[in-house]
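Before we start, here is the structure in question, set down as structure tokens.
One is the number of the first residue; the rest follow in order along the sequence.
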Amino acid sequence: DICADLVQKGAAQVAMVQRAPSIVARTETLMDLAWGPLYSEQALARGISTQIADLTVASIPFKVLPELQKPLYAEMRRRDAEFYAGLERAGFLHDFGEDGSGIHCLYLRRGAGYYIETSASRMIVEGRIKLRSGVGVQAVRERSVLLSDGSELAADLVVFATVYGSM
């Protein structure tokens with residue numbers, strides 16, 4: 001959400017370079033379909049504490065997890081079709097994981113490659129965050145970024161938000 005924060009703080013132009021596809025899930029849909037039954041005020045009211053929810057999630061064998069998750073992400077794709085179409089129109093590369101099993105499986109496999117939408121994806125769809133996808137950064141210059149396709153993006157500030165360490 002670094003890009004969204006810059007837009008909200010009045011940055012004149014914000015651009016994002018996306019090197020590879022990401023899983024994007026709208027918070028509301030993710031809570032409704034996947035996490036809400038375990039992690040919500042309603043779950044607490046039913047007696048499901050965070051400890052019980054964590055134990056429930058941890059008790060699912062990894063071998064069967066992808067098949068349990070695929071229907072959730074198929075429904076997410078259906079419910080949020082307009083949102084995903086907007087991302088595609090903007091040039092955003094997205095998928096639902098290598099096998100369609102979504103965020104949880106991707107997190108367990110490699111710990112990165114997903115985004116839970118809070119505002120930045122909406123701003124990409126609206127054009128408030130400009131997007132370049134499928135290219136890498138070749139060089140950072142004093143007032144621009146040279147991309148791997150030879151094009152150049154003007155830049156007063158460059159933020160490298162590429163990876164994070166193990167939790």
- Residue pair Q69 / H104: nearest heavy atoms and the distance that separates them: OE1-CB, 4.1 Å
- Item | Heavy-atom side-chain contact between V57 and W35 under 4.5 Å | yes
- Message: Under 4.5 Å between side-chain heavy atoms, counting indirect links through other Ile/Leu/Val/Met/Phe/Trp/Tyr residues: same cluster for I103 and Y115 or not?
- Response: yes
- Item | Steps toward side chain to side chain contact (heavy atoms under 4.5 Å, CB included) verdict (D95, I23) | CA-CA 5 Å; D95 60 24; I23 297 175; 3.6 Å; yes
- First locate atom OG1 of T29, then atom CD of E117, and finally report the distance between them rounded to the nearest 0.5 Å. 10.5 Å
- Message: To check you understand the geometry: which heavy-atom pair defines the closest contact between V17 and V135, and what is its length?
- Response: CG1-O, 3.5 Å
- Would E152 and R141 count as a side chain to side chain contact (heavy atoms under 4.5 Å, CB included) if you check the C-alpha gap in whole Å, the side-chain angles of each, and the deciding distance to 0.1 Å? CA-CA 10 Å; E152 201 165 350; R141 298 182 171 159; 3.2 Å; yes
- Message: Let me confirm one number: the CD-CZ distance from E98 to R110, rounded to the nearest 0.5 Å.
- Response: 8.0 Å
- Note on the structure: For I129 and A120 the tightest heavy-atom approach is CD1-O, 3.8 Å
- Are R122 and R128 close enough that some pair of their side-chain heavy atoms sits under 4.5 Å apart? yes
- Task: Compare every heavy atom of S121 with every heavy atom of F83, then report the nearest pair and how far apart it is.
- Result: CZ-CB, 3.7 Å
- Note on the structure: Output for pair (E126 CD, S119 OG), nearest 0.5 Å, gives 9.5 Å
- To the nearest 0.5 Å, tell me how far D80 CG sits from Y73 OH. 11.5 Å
- Message: If you define the side chain from C-beta out and look only at heavy atoms, does anything of Y84 sit under 4.5 Å from V125?
- Response: no
- Message: Applying a strict under-4.5 Å side-chain criterion to I, L, V, M, F, W and Y, I'd like to know whether L108 and L72 cluster together.
- Response: yes
- When the ring planes of Y107 and Y114 are compared, do they come out parallel, tilted or perpendicular, using 30° and 60° as the limits? perpendicular
- Query: How long is the span from the CD1 atom in I48 to the OH atom in Y39, to the nearest 0.5 Å?
  - Reply: 10.5 Å
- Query: Looking at D99 and K70, what are the two nearest heavy atoms and their distance?
  - Reply: O-CE, 3.0 Å
- Query: Within the distance-only criterion (no hydrogens, no angle test), does the side chain of S59 pair as donor or acceptor with the backbone N or O of T56 below 3.5 angstrom?
  - Reply: yes
- So if you build clusters from Ile, Leu, Val, Met, Phe, Trp, Tyr with side-chain heavy-atom gaps below 4.5 Å, do L38 and I52 land together? yes
- Between R132 and D149 the two heavy atoms that sit nearest each other are NH2-OD2, 2.5 Å
- Measure from the side-chain N and O atoms of S101 to the backbone N and O of P66, and report whether any donor-acceptor pair falls under 3.5 Å. no
- Identify whether F62 and V64 are in the same connected component of the hydrophobic contact network (ILVMFWY, side-chain heavy atoms under 4.5 Å). yes
- Query: For the atom pair CZ (R26) and CZ (R79), what is the distance rounded to the nearest 0.5 Å?
  - Reply: 10.0 Å
- Note on the structure: Of Q18, R19, E88, the one forming a side chain to side chain contact (heavy atoms under 4.5 Å, CB included) with L93 is Q18
